[in-house]
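Quick caveat: nothing in here was measured; it's all calculated off a predicted structure.
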Amino acid sequence: MRRFPGFIGDEIASVLWKDDDNPDAWKDFVELAKAAGAPFLTMDEEVLGKDDLDFVIERLKEAVYSDDLDDARWLRTYIGKTGFLQLGFSHQGTLFLYEISTEWYERYQRVLDTAEAVGGLLIEDDDEDE
């Protein structure tokens, strides 16, 4: 079986594997793909990059989000580590997906959402009303 590097987004109808907290569920997923005759699996991973985390920290420094800033700084220990993995295959017109993420990656996503929201906020100036 071959691997195709690619991400299947939310906008495409798919069936998500339910792993019931089994850390080896990905192996069952791969065996299912083989049994279904899938010629390849799609695979995508998210690795925490230093530049990505620096962006989040800089954005949070500009705002008053000390808890999120502390979380972002704590995440430095995970730079270079994989936090999210997606496997997928197609069978008879249906996409089947297996996704798993670490707790720290979910925490990163939360602080990233906050940092992106900070960049989108407009601060109204009282002088505009005059």
Side-chain angles (χ1 to χ4, degrees):
M1 179 174 282
R2 297 192 180 263
R3 179 178 62 97
F4 178 85
F7 177 76
I8 299 171
D10 294 335
E11 64 279 355
I12 298 175
S14 58
V15 177
L16 191 61
W17 180 274
K18 188 174 177 180
D19 69 5
D20 297 325
D21 295 325
N22 176 4
D24 291 329
W26 70 271
K27 295 176 186 176
D28 296 333
F29 183 82
V30 171
E31 288 303 315
L32 179 64
K34 288 179 184 178
F40 63 88
L41 283 174
T42 61
M43 181 179 161
D44 187 53
E45 63 183 9
E46 292 292 326
V47 176
L48 183 59
K50 182 182 182 318
D51 292 342
D52 296 329
L53 190 56
D54 287 346
F55 164 80
V56 169
I57 291 171
E58 286 306 311
R59 278 283 176 91
L60 293 175
K61 280 182 184 176
E62 297 170 5
V64 187
Y65 292 96
S66 62
D67 289 344
D68 288 326
L69 183 57
D70 290 343
D71 282 351
R73 288 180 175 146
W74 172 81
L75 287 166
R76 287 189 189 274
T77 59
Y78 297 99
I79 291 175
K81 298 197 185 303
T82 301
F84 172 80
L85 178 70
Q86 180 193 73
L87 301 175
F89 71 93
S90 177
H91 181 69
Q92 297 181 352
T94 301
L95 291 170
F96 294 90
L97 297 177
Y98 173 83
E99 295 180 342
I100 190 166
S101 61
T102 63
E103 287 182 32
W104 67 261
Y105 186 77
E106 291 170 12
R107 202 168 179 179
Y108 168 72
Q109 286 298 312
R110 186 179 53 76
V111 296
L112 177 61
D113 290 345
T114 301
E116 288 175 342
V118 166
L121 294 178
L122 295 175
I123 299 173
E124 291 186 24
D125 221 350
D126 291 335
D127 296 336
E128 289 182 18
D129 295 336
E130 295 175 14

In one Ile/Leu/Val/Met/Phe/Trp/Tyr side-chain cluster, 4.5 Å: Phe55, Val47: no

Verdict with supporting geometry, Thr102 and Tyr78, side-chain contact (heavy atoms from CB on, under 4.5 Å): CA-CA 11 Å; Thr102 63; Tyr78 297 99; over 6 Å; no

Point-to-point distance, once rounded to the nearest 0.5 Å, from CD1 of Ile57 to CG of Leu69: 7.0 Å

Transitive ILVMFWY side-chain link Leu85 to Ile8, under 4.5 Å: no

Side-chain touch Asp71/Arg110, heavy atoms, less than 4.5 angstrom: yes

Which atom of Ala115 lies closest to which atom of Arg59, heavy atoms considered: O-NH1, 3.3 Å

Nearest-0.5 Å distance that lies between atom OG1 in Thr94 and atom CD1 in Ile12: 12.5 Å

Sidechain-backbone polar pair: Ser14 side chain, Asp10 backbone, donor-acceptor under 3.5 Å: no

Distance, nearest 0.5 Å, that separates CZ of Phe89 from NZ of Lys34: 12.5 Å

From Phe84 atom CZ to Asp44 atom CG, the distance as rounded to the nearest 0.5 Å: 6.5 Å

Trp26, CH2 atom: more than 12 neighbouring heavy atoms under 6.0 Å: no

Heavy-atom closest pair, residues Leu53 and Ala72: CD1-O, 3.5 Å

Test item: Thr42 side-chain N/O and Gly88 main-chain N/O as donor-acceptor pair under 3.5 Å: yes

Hydrophobic cluster membership, Leu95 vs Leu87, 4.5 Å side-chain cutoff: no

Connected via hydrophobic side-chain network under 4.5 Å: Met43 and Leu16: no

side-chain contact (heavy atoms from CB on, under 4.5 Å) assessment of Leu32 paired with Phe96: CA-CA 10 Å; Leu32 179 64; Phe96 294 90; 5.5 Å; no

Path from Ile79 to Leu75 over hydrophobic side-chain contacts below 4.5 Å: yes

Closest heavy-atom pair and its distance - Ala25, Tyr98: CB-CE1, 3.8 Å

Test item: Gln109 and Leu112 side chains (from C-beta on) under 4.5 Å apart, heavy atoms: yes

Parallel, tilted or perpendicular: ring planes of Trp17 versus Phe29, cut at 30 and 60 degrees: perpendicular

Arg76 with Asp54: basic N within carboxylate O range, under 4.0 Å: yes

side-chain contact (heavy atoms from CB on, under 4.5 Å) between Trp104 and Trp74, worked out: CA-CA 10 Å; Trp104 67 261; Trp74 172 81; 4.1 Å; yes

Gln86 side-chain N/O to Phe7 backbone N/O, donor-acceptor pair under 3.5 Å: no

